[in-house]
Amino acid sequence: NRQAIVDRGMEGQAIPSGQLVSEKLFGHVPGLKADAYDVDGAKKLLTEAGYPDGFNITIHGPSGRYVNDEKIVQAVAQMLTRIGIVSKVETAPMGPYSARASKQEFSFFMVGWGASTGEASSPLRSLLATFNRDKGLGAVNWGRYGNVKVDYLIEQALQQVNDDNRLFMLQEATKLSMQDLGLMPVHFQFTIWATKKNVAYTPRT
């Protein structure tokens, strides 16, 4: 329930997300939204998958790295437990947490990402490209998601100088990886500034 996480966990200072970058950034896919919150539908899918009584997992997350990170992980655990996926939570400071996550020690975990390039190539390249140390791809693909079509689109997009072509490739790679549930975006958090009345500041995207 992304909206509940935004409303309660983030106190309204975010928007629910079903993709990698917001509409302000290059590579955003218009109309691509997250699946609706549906407890009955989720229970039905579990039964169809052969888990009518659910199962147990541990959700791992960082503590003090992202805004309300522990609170968000706890909320996700409660939502999954409600449908039968009984979820325990373990959090740790980002240093030891990321060290363990990079060794694939976690099955279900939280990570945040800022698109420093200003486009979807940043999260695609780091979070969803198949891990390849030589190519510098998938550095934070800790779940080891992989799709050869997504990889092809990402690598081609990174070489494109034509904006229209690059946009199409980034959008297609995003759509494919979201269909695969390569990761599940939760929200885009707002950045908040506080200034004096005599200070004017225009933030960068």
Side-chain angles (χ1 to χ4, degrees), residues 1-25 27-29 32-39 41-42 54 56-120 122-128 139-143 145 174 177-178 181-195 201-205:
N1 189 343
R2 291 164 171 84
Q3 191 62 56
I5 290 172
V6 164
D7 292 343
R8 297 196 285 273
M10 294 296 292
E11 300 179 33
Q13 299 305 308
I15 56 173
S17 168
Q19 58 180 295
L20 302 170
V21 295
S22 76
E23 61 186 15
K24 305 289 185 185
L25 299 185
H28 172 85
V29 183
L32 181 59
K33 293 183 172 23
D35 291 331
Y37 180 58
D38 181 358
V39 171
N56 296 356
I57 63 169
T58 298
I59 303 179
H60 290 85
S63 59
R65 175 68 176 96
Y66 310 112
V67 176
N68 297 320
D69 45 15
E70 290 183 279
K71 191 187 294 186
I72 292 164
V73 175
Q74 290 284 355
V76 171
Q78 291 169 13
M79 292 169 190
L80 291 177
T81 297
R82 205 169 296 147
I83 64 166
I85 303 176
V86 180
S87 305
K88 184 174 73 170
V89 169
E90 289 184 14
T91 61
M94 191 61 180
Y97 170 75
S98 60
R100 291 187 62 196
S102 65
K103 297 174 186 173
Q104 292 78 62
E105 293 186 18
F106 306 146
S107 60
F108 197 107
F109 55 89
M110 174 187 182
V111 70
W113 198 259
S116 57
T117 61
E119 60 177 52
S122 172
L124 282 167
R125 175 181 189 149
S126 296
L127 302 176
L128 289 161
V140 192
N141 184 350
W142 294 334
Y145 164 77
T174 297
S177 56
M178 294 300 97
L181 295 180
L183 54 76
M184 291 178 283
V186 175
H187 64 261
F188 300 127
Q189 71 183 39
F190 297 157
T191 304
I192 301 169
W193 291 272
T195 66
Y201 177 64
T202 303
R204 297 181 300 165
T205 303

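Sequential numbering from 1 along the given sequence is applied to the chain's residues.
A donor-acceptor pair is defined here as one N or O able to donate and one able to accept, closer than 3.5 Å; such a pair exists between the side chain of S87 and the backbone of I85. Checked by atom type and distance alone, the side chain of S17 never pairs as donor or acceptor with a backbone atom of F188 at under 3.5 Å. Side-chain atoms of Q19 come within 3.5 Å of backbone N or O of V29 as a donor-acceptor pair. Q104 contributes a side-chain N or O that, together with a main-chain N or O of S102, makes up a donor-acceptor pair within less than 3.5 Å. Looking only at distances, no side-chain donor or acceptor of Y145 sits under 3.5 Å from a matching main-chain atom of L128. Side-chain atoms of R2 never come within 3.5 Å of backbone atoms of A34 as a donor-acceptor pair (strictly under, hydrogens ignored).
The shortest side-chain heavy-atom distance between P185 and M178 falls under the 4.5 Å cut-off. A heavy-atom distance below 4.5 Å is found between the side chains of V67 and M10. Here the side chains of Q13 and I192 are in contact, with some heavy-atom distance below 4.5 Å. The shortest side-chain heavy-atom distance between W142 and S98 falls under the 4.5 Å cut-off. Residues T174 and L124 meet the side-chain proximity criterion, which asks for heavy atoms closer than 4.5 Å. Residues I15 and V6 are not in side-chain contact: their nearest non-hydrogen atoms beyond the backbone lie 4.5 Å or more apart. Two residues are said to be in side-chain contact when any heavy atoms from C-beta on lie closer than 4.5 Å; I59 and V73 meet this criterion.
Atoms CD1 and CE, on I5 and M79 in that order, are 4.0 Å from each other to the nearest 0.5 Å. Here the CG atom belonging to L25 is positioned 9.0 Å from the CD atom belonging to E119, to the nearest 0.5 angstrom. To the nearest 0.5 Å, the span separating CZ on F190 from OG on S22 amounts to 10.0 Å. Atom CE of M94 and atom CZ of R65 lie 5.5 Å apart (nearest 0.5 Å). Atom CG of residue N56 and atom CG of residue L80 lie 11.5 Å apart, to the nearest 0.5 angstrom. To the nearest 0.5 angstrom, L183 atom CG is 12.5 Å from M110 atom CE.
A side-chain donor from one of E90 and H60 sits under 3.5 Å from a side-chain acceptor of the other. Under the 3.5 Å distance criterion, with hydrogens and angles disregarded, no donor-acceptor pair is assigned to the side chains of W113 and S126.
Within a 6.0 Å radius of CG in D7, more than 12 heavy atoms belonging to other residues, nucleotides or ligands are found.
For residues 78-101, the pairs satisfying ring pair (Phe, Tyr, Trp, His ring centres under 6.0 Å) are Y97-F106, with sequence neighbours left out. Screening residues 67-81 for side chain to side chain donor-acceptor pair (under 3.5 Å), with sequence neighbours left out, gives E70-T91.
Looking at every heavy atom in both residues, G114 comes nearest to S122 through O-OG, 3.9 Å. Of all non-hydrogen atoms in A77 and V89, the two that sit nearest each other are CB-CG2, 3.5 Å. Between S63 and P93, the shortest heavy-atom contact is OG-N, 3.3 Å.
By the ring-ring contact (aromatic ring centres under 6.0 Å, His included) test, H187 is found to be paired with no residue, residues two or more places apart in sequence or in another chain being considered.
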